[in-house]
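Here the structure comes first, spelled out in structure tokens, and everything after it is commentary.
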Amino acid sequence: MIYEGNIIDVINSRIFKGRIEVKDGLVFKVEECDTVSDHYILPGLVDSHVHIESSMSTPSQFSKLVVPRGTVAVVTDPHEIANVLGIEGVDYMIKDAEQTPLKCFFGAPSCVPATPFESSGAVLNSDDIQKLLERDDIWFLSEMMNFPGVINQDEEVLSKIKAAHRRGKKIDGHAPGIVGEGLRKYAQAGISSDHECVSTEEAIEKINRGITVQIREGSAAKNFDILADLFRTHPDEVMLCTDDSHPDEIINKGHIDKIIKKGITQGYDIMSLLRAATLKPIQHYNLPVGLLRKGDAADFIIIDNLTDFNILETYINGTCVYNNSLKFEVEKSTPINNFNISSLSERDIKIENQIGKKVRVIVPVDGDLLTDEYLWETNSEDEYLQPSVEDDILKIVVVNRYKSEKPIVGFIKNIGIKAGAFACSVAHDSHNLIAVGVDDQSIVEALNAIIEEKGGISVKDDSGVDILPLEVAGLMTASDGVEVARKYEQLNTKVQKLGSPLKAPFMTVSFMSLLVIPSLKIGDKGLFDVNRFSFTSLFV
């Protein structure tokens, strides 16, 4: 097959009129020629860091969402399902991905559990990681979230890092706000990338330490606006990623293509944007993904122009997988899960009031994973402490889903709902159940709906409880991705109608139990001060 148009050569940063000849799935010839086609042909897009589980779709269903967006490959960390099911979960993801043309490059989850301060469904020790890294279908050591362990030279953490070095495989980073001497030690361990920069200054310091910075635009966490000037100052030291995106985000706004469009709109150099989405991740991870060179896999996309950047066609290994519609089908895989608790009652989540004491309240920030702490003077003399809708202080509950334990209860601001509750079995990183609500009855009803389905996201409002079941590890469903997106969007809208101003309330709340991102979080074992890396009390 021969394709003609304006060919974008990302390696040499040039655009020329020409034709590409494809034979047996490979690029056979690339040559300049006169052509009347105004379309542009360029290498397919690569997401340099994504948790497929966050799409709430299995890898095969996820592929149906992103291929129409020009994504031909993803570098993916199966960390979420590994926290629930260990190596069995990793194997499930790899096997399910085999039935899709999307090129999925999986890593070995480095932090399962992410910390010893929460209950997970599995543990992957250094021996497990070494065995995974010896496999040809494992491409790298996934994000090393235990940055204190790296900096303080924890023996188990260093064993995992050394295993990656022995196999010549990259090590992904995760070190929000780490600079100075801590960063020196972190980089010295051989960490090769980081997607958690909170400022340009931090990003440049990491780049100067040899770490490639990933500019991220997910559903809840976004740092493009903070880091975009790197396209001008350090264009060859950045990659693009989504990290965590819900299905409605991908369908309505896009995947890696949405980041490129945003950069174009803001006036950044198109070639720098494209190299960050193609050349850099392919070279960084040494991926067998084509760059439109003779002998490369014929992985490319055709777009309308360099202003709108609309995807017209997507090709993987020379086969058209999208052209106005998907050109492939996938089969539903058999679900696997780890869910072992029964229903809750209202008495399980009551908090005895300590009259006269202030209460620590989690304060999330929309569009960020960081949180602050607020000290709440309740002035309540009731036996049990209740939320204050007037002060936008609601109850947040975390429930161990692996065995029956007393739920942990705290308080949270900035969620904004005025009635009801919402809950999910997606709660990073160990994926216990998490819920936020204005009253105990609503919270319990939202949680019990998820327990009955052994996974899902739910909303309790005046009409009752509505739920999207997530039968695969309580994280994903094998149902059609478009239908999942529709249902998720419906539930999201219900939460917003309850009063929440958050763009992605479920994802925002799911990160409230992420005990490796500052500053105040909550897990199934208690309220957690990330800055001190220790538990703290609810009452001051």
Side-chain angles (χ1 to χ4, degrees), residues 1-48 63-64 66-75 97-105 139 236 239-240 255-257 260 264 269-330:
M1 293 291 291
I2 293 176
Y3 306 88
E4 293 188 349
N6 299 291
I7 298 172
I8 302 180
D9 177 0
V10 295
I11 297 174
N12 299 299
S13 296
R14 62 188 287 257
I15 301 174
F16 61 91
K17 288 187 176 293
R19 68 166 61 97
I20 299 169
E21 186 175 350
V22 174
K23 288 185 178 180
D24 300 323
L26 303 176
V27 175
F28 180 71
K29 186 186 296 184
V30 180
E31 59 184 359
E32 296 190 38
C33 69
D34 292 330
T35 174
V36 296
S37 175
D38 291 330
H39 295 160
Y40 288 77
I41 306 172
L42 64 149
L45 309 180
V46 181
D47 190 332
S48 69
S63 71
K64 293 167 64 177
V66 301
V67 162
R69 292 299 189 163
T71 301
V72 301
V74 294
V75 179
E98 288 173 353
Q99 62 172 318
T100 171
L102 179 70
K103 296 185 174 183
C104 298
F105 301 100
W139 291 78
D236 292 327
M239 301 185 286
L240 301 185
H255 192 229
I256 294 298
D257 62 316
I260 294 171
I264 292 171
D269 176 56
I270 181 68
M271 200 60 73
S272 296
L273 293 164
L274 294 179
R275 285 162 66 92
T278 57
L279 178 65
K280 186 63 180 181
I282 290 170
Q283 290 182 334
H284 183 87
Y285 293 101
N286 194 28
L287 306 177
V289 178
L291 287 166
L292 291 183
R293 296 172 296 192
K294 183 177 179 179
D296 274 4
D299 304 322
F300 61 94
I301 58 177
I302 300 175
I303 63 171
D304 54 355
N305 57 66
L306 297 182
T307 302
D308 300 313
F309 206 84
N310 293 315
I311 311 298
L312 304 179
E313 299 177 42
T314 304
Y315 292 80
I316 300 177
N317 291 333
T319 299
C320 181
V321 292
Y322 172 78
N323 179 358
N324 293 319
S325 62
L326 283 170
K327 303 302 178 184
F328 65 94
E329 290 294 333
V330 297

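Residue numbers count from 1 along this sequence.
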Could you measure the distance from the CG atom of Leu102 to the NZ atom of Lys64? Nearest 0.5 Å is fine.
13.0 Å

What's the separation between atom OG in Ser272 and atom CD1 in Ile260, rounded to the nearest 0.5 Å?
11.5 Å

Any donor-acceptor pair under 3.5 Å linking the side-chain atoms of His39 with those of Asp304?
no

Please examine the side chains of Val74 and Val46, heavy atoms only from C-beta on, and report whether any two atoms are closer than 4.5 Å.
no

Is any side-chain heavy atom of Leu326 closer than 4.5 Å to one of Pro68?
yes

So how far is it from Tyr315 OH to Asn323 CG, rounded to the nearest 0.5 Å?
6.0 Å

Quick one, Met239 and Tyr285 - any side-chain contact, counting heavy atoms below 4.5 Å?
yes

Measure the shortest side-chain to side-chain distance between Thr100 and Phe328 over non-hydrogen atoms and say whether it is less than 4.5 angstrom.
yes

Is Val289 close to Leu291 at the side-chain level, that is, under 4.5 Å between some pair of heavy atoms?
no

How close do Phe16 and Asp9 get, counting heavy atoms only, and between which atoms?
CE2-CB, 4.1 Å

Between Leu274 and Phe309, is there a side-chain heavy-atom distance shorter than 4.5 Å?
yes

Would you confirm whether Asn6, through its side chain, and Asp38, through its main-chain N or O, come within 3.5 Å as a donor-acceptor pair?
yes

Just checking Phe300 against Tyr3, ring centres under 6.0 Å apart?
yes

Supply the atom-to-atom distance Ile303 CD1 to Leu45 CG, rounded to the nearest 0.5 angstrom.
9.0 Å

Of all heavy-atom pairs linking Val67 and Thr314, the shortest is O-OG1, 2.9 Å

Residue of the set Arg14, Arg19, Lys17 for which salt bridge (charged side-chain N to carboxylate O under 4.0 Å, His left out) holds with Glu32:
Arg14

Using modelled atom types and a 3.5 Å cut-off, is there a donor and acceptor pairing between side-chain atoms of Arg69 and backbone atoms of His255?
no

Min side-chain heavy-atom separation Leu306-Ile8 under 4.5 Å
yes

Nearest heavy-atom pair of Asp236 and Lys280: which atoms, and what distance?
O-NZ, 3.3 Å

What I'd like to find out is whether the side chain of Leu273 reaches to under 4.5 Å of the side chain of Asp269, using heavy atoms alone.
no

Minimum heavy-atom distance between Thr307 and Ile264, given as atom pair plus value
O-CG2, 3.8 Å

Answer yes or no: is there a donor N or O on one side and an acceptor on the other, between the side chain of Thr35 and the main chain of Ser37, under 3.5 Å?
yes

Quick check for you: to the nearest 0.5 Å, what is the distance between Glu21 atom CD and Lys294 atom NZ?
10.0 Å

Between Ser48 and Val75 the two heavy atoms that sit nearest each other are O-CB, 3.4 Å

For the pair Tyr40 and Ile15, evaluate side-chain contact (heavy atoms from CB on, under 4.5 Å) and give the outcome as yes or no after the intermediate values.
CA-CA 9 Å; Tyr40 288 77; Ile15 301 174; 4.1 Å; yes

Keeping the roles fixed (side chain from Lys103, backbone from Pro288), state whether a donor-acceptor pair exists under 3.5 Å.
yes

Are more than 12 heavy atoms from other residues, nucleotides or ligands located less than 6.0 Å from atom CG of Asp34?
no

Main-chain N/O of Gly44 paired to Asp299 side chain as donor or acceptor, under 3.5 Å:
no

Rounded to the nearest 0.5 Å, what separation is found between the CZ atom of Arg293 and the CD1 atom of Ile20?
13.0 Å

Between Pro43 and Thr278, the two heavy atoms sitting closest are O-CG2, 3.7 Å

